[in-house]
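This report refers to the structure that appears directly beneath it.
Order of appearance sets the numbers: ligands from 1, and atoms from 1 within every ligand. Counting begins at 1 with the first residue of the sequence. What you are looking at is a predicted structure, and each value in this text was computed from that prediction instead of being measured.
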Amino acid sequence: MGNPVMLRALVLAALAVAAAAAAAATEKRKTYIVHMAKSAMPAEYADDHREWYGASLRSVSAASNMLYAYDTVLHGFSARLTAQEAADLACLGGVLAVNPEARYELHTTRTPEFLGIADGGADQGGLFPQSGTAADVVVGVLDTGVWPESRSYDDAGLGEVPSFWKGRCVEGAGFNASACNRKLVGARFFNRGYEAAMGPMDTDRESRSPRDDDGHGTHTSSTAAGAAVPGASLFGFASGTARGMAPRARVAVYKVCWLGGCFSSDILAGMDAAVADGCGVLSLSLGGGAADYSRDSVAIGAFSAMEQNVLVSCSAGNAGPGSSTLSNVAPWITTVGAGTLDRDFPAYVALGNGKNYTGVSLYSGKALPSTPLPIIYAANASNSTAGNLCMPGTLTPEKVAGKIVVCDRGVSARVQKGFVVRDAGGAGMVLSNTAANGQELVADAHLLPATGVGEREGVAIKSYVASDPSPTATIVVAGTQVGVHPSPVVAAFSSRGPNMVTPEILKPDIIAPGVNILAAWTGKAGPTGLAADTRRVGFNIISGTSMSCPHVSGLAALLRSAHPDWSPAAVRSALMTTAYATYSGGSSPLLDAATGATATPFDYGAGHVDPSRAVDPGLVYDLGTRDYVDFLCALKYSPAMIATVARSRDFSCAENRTYSVGGLNYPSFSVAFSTANGEGGESSAAATVTHTRTLTNVGGAGTYKVSTSVAGAAAQGVTVAVEPTELAFTSAGEKKSYTVRFTSRSQPSGTSGFGRLVWSDGKHSVASPIAFTWT
Ligand SMILES: *[C@@H]1O[C@H](CO)[C@@H](O)[C@H](O)[C@H]1NC(C)=O
Ligand SMILES: *[C@@H]1O[C@H](CO)[C@@H](O)[C@H](O)[C@H]1NC(C)=O
Ligand SMILES: *[C@@H]1O[C@H](CO)[C@@H](O)[C@H](O)[C@H]1NC(C)=O
Ligand SMILES: *[C@@H]1O[C@H](CO)[C@@H](O)[C@H](O)[C@H]1NC(C)=O
Ligand SMILES: *[C@@H]1O[C@H](CO)[C@@H](O)[C@H](O)[C@H]1NC(C)=O
């Protein structure tokens, strides 16, 4: 300490550093996902790529900590960075991409804009022979965690945990490692991205552990692979045996969704762990907006999962019935929309004028008196311009006290509206659909006597209320009704095509039950999820593509166990080409709940999943990593973008080759006719689109003949020519190709039409949907 000048200089330098750090700290940091080209790693790091990631991060930011280093589904890491640091990092050697984190949402209709109800998983599973070997497939569910005490995770009768399994049960708040067993073989949680973005979680409300504080993750994981639980019901509704689609498969849960959402740094960490642990199927009932694949974390994680032989099944989204509302559209993902079951929960509204309308309800408390009560439209009992919606604080208590209140669906959660009515002193609620939901009915476990009614019934009831000087009504909740026809119908909320990211790939791929699904629930939240709902249930009935996705995940697990040699694409092909798009009997097409009219492949993809036929599809359209890389080449992805999606720089596009997006060997066709293909958009100009497809024989020897059909006025003018028209297979694994040429006169831009191409050997029917669009 002899030199005071030197000491002073050091102090000043330290102050300057501190000031710079303070300035950086005040600039807002965000989470970024940093993709690294492992092949470009300097030799000095050869033993430790994490060290290289750390050095890269430190070179642009002294203050940033790494949230996660990723190994399995991508090479790289996530960290909190300022915009400047992110830009600096993007310029470093070996850095492929620096993408801001995105927030994803669960695809349940309990979230504000939507509604939902129903059950049916168990019935579907009953069609399927119990496969002893399903025990060797682990379904990884990335969701809100698990309520391990549920009987759905009972491991009675299951053999030892498979030796390939590397996962584990991670302890945390209210969750012991002993919670896992031979059914629930893994449980982990990923909260770093969430807490970095939102601040420390409120530990009174959520558990820093795999424990499910919401119910959604328990519902989805038990739908996919829950054990059979006899005597399950929600307040007596939908009573019967609750059972996952693959009751003998194992489940591993990866909690990546928290009360504040699902953050992509955490989702990627969950996918990274799930693939490394040995899951054969991943189920993700969540999504964000559709984005370019090189910036979509779920698409990126799913690509490497696919490459490592893991099937990834995702929900299509609940943004229907508008068109182009899909999420999770990457062609290496199985995208699942939602349909209804043949079960309903009727509740009647009888009006003072003698009319009687049918709605749905899961209300189970004290019934309304049998004498009619006054009924009022919320818009006329509120001082708010949107009073019809029964938003919190908008009902005038003096006007609704003791009455049945008619509320319109939309904006706030359906059950929340009932709570608002009850809070203002209302006696009951009629929840009326609007044009956005049409006649689709989603049942809820309301907190007061209430029923949801279709748009038509809602209009009739409101018109009675408006015209009668002293209108009255009663509501009678009637329980569970089965054998409802027609079913399935496409759920109004189910997101629809066309695919906005790649119009040449038809999405969704398939639909499965997603309306009023009964499955296990958490003990931490009531069936409505409202804080005011103090009821606790072992099973709940909810709706969403969140519920349809795990049906397909479970069925995929069954197929993987029945056919361990099938690729993820082969499993998806089997599910798609055996799906049905007409009601039994064959000729009348599936309907859309939103319109009551015929649904199309933009709504249901290949159709509704048919588990019993999917085990033996005859032929499959197979795909592997190189096919998907060629697809990215066709999209004109740069080498860095391909390496970002595909985790490797070893994949490149040949310069002398023409790649075609529609050339992907997909089990469906999306054919875009452009007037540019014809002669100057003249109505007489013919446009031709040609695709080649390759079928792989997974059945016995057989000769398949092709047939094609088209539907809709615009499609009548399309010629579909297949060459050859007959394919003879003699041995398993044999591949044969065919070419299909679609020729059309031009149509007004925006027109669409549909068709189907079917290969049949008399025993198997290998069907592909076709969507035509004219641009
Ligand atoms: C975890 O284990 C401890 C000690 O055995 C026990 O007291 C506690 O109740 C367990 N917690 C849970 C959530 O099972
Ligand atoms: C309303 O109709 C249903 C079935 O059509 C019937 O079961 C119910 O008793 C009727 N209610 C009244 C009050 O008329
Ligand atoms: C609207 O009504 C609510 C409920 O009666 C009341 O609390 C609120 O003050 C009213 N607002 C206005 C602007 O009158
Ligand atoms: C609401 O109140 C207005 C004005 O009093 C009335 O004209 C209308 O019919 C009422 N609407 C309903 C559905 O009660
Ligand atoms: C494309 O180029 C590669 C290597 O340069 C060559 O091996 C291949 O034959 C070429 N293919 C065609 C179709 O020209």
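Ser285 and His216 share no side-chain donor-acceptor pair at under 3.5 Å. In summary, the side chains of Tyr254 and Asp277 do present a donor paired with an acceptor at a separation below 3.5 Å, with no hydrogens or angles considered. Looking at Lys255 and Ser207, their side chains never bring a donor and an acceptor atom within 3.5 Å of each other. Ser553 and Ser283 share a side-chain donor-acceptor pair at under 3.5 Å. A side-chain N or O of Asp408 and one of Tyr377 form a donor-acceptor pair less than 3.5 Å apart.
Each of Val476, Val477, Ile475 was scored for a side-chain contact (heavy atoms from CB on, under 4.5 Å) with Thr451, with one residue passing: Ile475.
For ligand 2, residues of the protein lying within 4.0 angstrom by heavy-atom distance are Tyr348, Ala350, Asn356.
If you number the atoms of ligand 1 from 1 as listed, the ones under 4.0 Å from a heavy atom of Gly174 come out as 13 (C).
The shortest N or O to N or O distance between Asn176 and ligand 1 is under 3.5 Å.
Heavy atoms only, all atoms of each residue included: Val185 and Ala252 are closest at CG2-CB, 4.4 Å.
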